[in-house]
There are 2 protein chains.
Amino acid sequence: MYKAKIYVTLKEGVLDPQGQAVRAGLISQGFAAVEEVRIGKFMEVVVATHSATEAQHLVREMCERLLANPVIEDYTFVLVEVV
Amino acid sequence: MYKAKIYVTLKEGVLDPQGQAVRAGLISQGFAAVEEVRIGKFMEVVVATHSATEAQHLVREMCERLLANPVIEDYTFVLVEVV
């Protein structure tokens with residue numbers, strides 16, 4: 001089995017209202033040094049495959065079709081073998 | 001300036017209904033090999049500090065107070081210097 005750690009981020013240039021809200025919240029709590037906040041998603045997906053190649057194909061397809069929106073988001077992932 | 005890449009995950013043993021929903025969605029889309037899904041948060045925060053130590057203290061405090069819920073969540077972060 002393999003565990004994929006998937007990071008989904010907004011593409012550069014895409015507005016991030018959620019990040020702006022978090023930045024405003026941080027500043028209002030006294031964290032004046034905060035310049036920018038971007039919010040992304042982090043997912044851990046365990047897939048029952050025997051080879052890393054198979055896991056990689058599967059996770060890429062999941063990301064393209066369901067876990068990320070390729071129009072406005074980028075994704076990266078790392079695979080770790082789990083026992 | 002430093003950019004902190006912050007990963008917030010649910011502690012082990014904490015139920016993750018969002019992850020279960022995503023797992024059910026993936027399986028219904030034909031990804032039968034999916035064993036488990038856990039959903040976390042990923043945030044990028046740029047702080048205007050001159051030293052990495054200062055940035056580290058600041059980001060840790062943000063995580064403890066606002067960005068993560070230490071009762072049910074763990075967090076890790078890495079700092080990258082940006083120009």
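Here is the naming used below: chain letters follow the sequence lines, and residue numbers restart at 1 for every chain.
Note: the hydrophobic cluster containing B/L79 also contains B/M62 (ILVMFWY, side chain heavy atoms under 4.5 Å, direct or indirect links). Under the 4.5 Å side-chain contact rule for hydrophobic residues, A/F77 and B/I39 share a cluster. No single ILVMFWY cluster, assembled from side-chain heavy atoms under 4.5 Å apart, contains both B/V80 and B/M1.
Against chain B, the residues from residues 3-14 of chain A that qualify, each with a non-hydrogen atom under 4.5 angstrom away, are A/Y7, A/V8, A/T9 in number order.
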Show me the donor-acceptor pairs within less than 3.5 Å that the side chains of residues 43-61 of chain B make with the rest of the protein, sequence neighbours left out.
residue: B/T49; atom: OG1; partner: B/S51; partner atom: O; Å: 3.3
residue: B/S51; atom: OG; partner: B/E54; partner atom: N; Å: 3.0
residue: B/E61; atom: OE2; partner: B/R65; partner atom: NH1; Å: 3.0

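Of the listed residues (A/A32, A/A33, A/G19, A/G30), the one with the most heavy-atom contacts under 4.5 Å to chain B is A/A33.
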Exercise for review: Could you check B/V22 against A/L66 for side chain to side chain contact (heavy atoms under 4.5 Å, CB included), going step by step and ending with a plain yes or no?
Suggested key: CA-CA 9 Å; B/V22 171; A/L66 288 160; over 6 Å; no
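Residues B/K41 and A/F42 form no side-chain contact, since every pair of their non-hydrogen atoms from C-beta on lies 4.5 Å or further apart.
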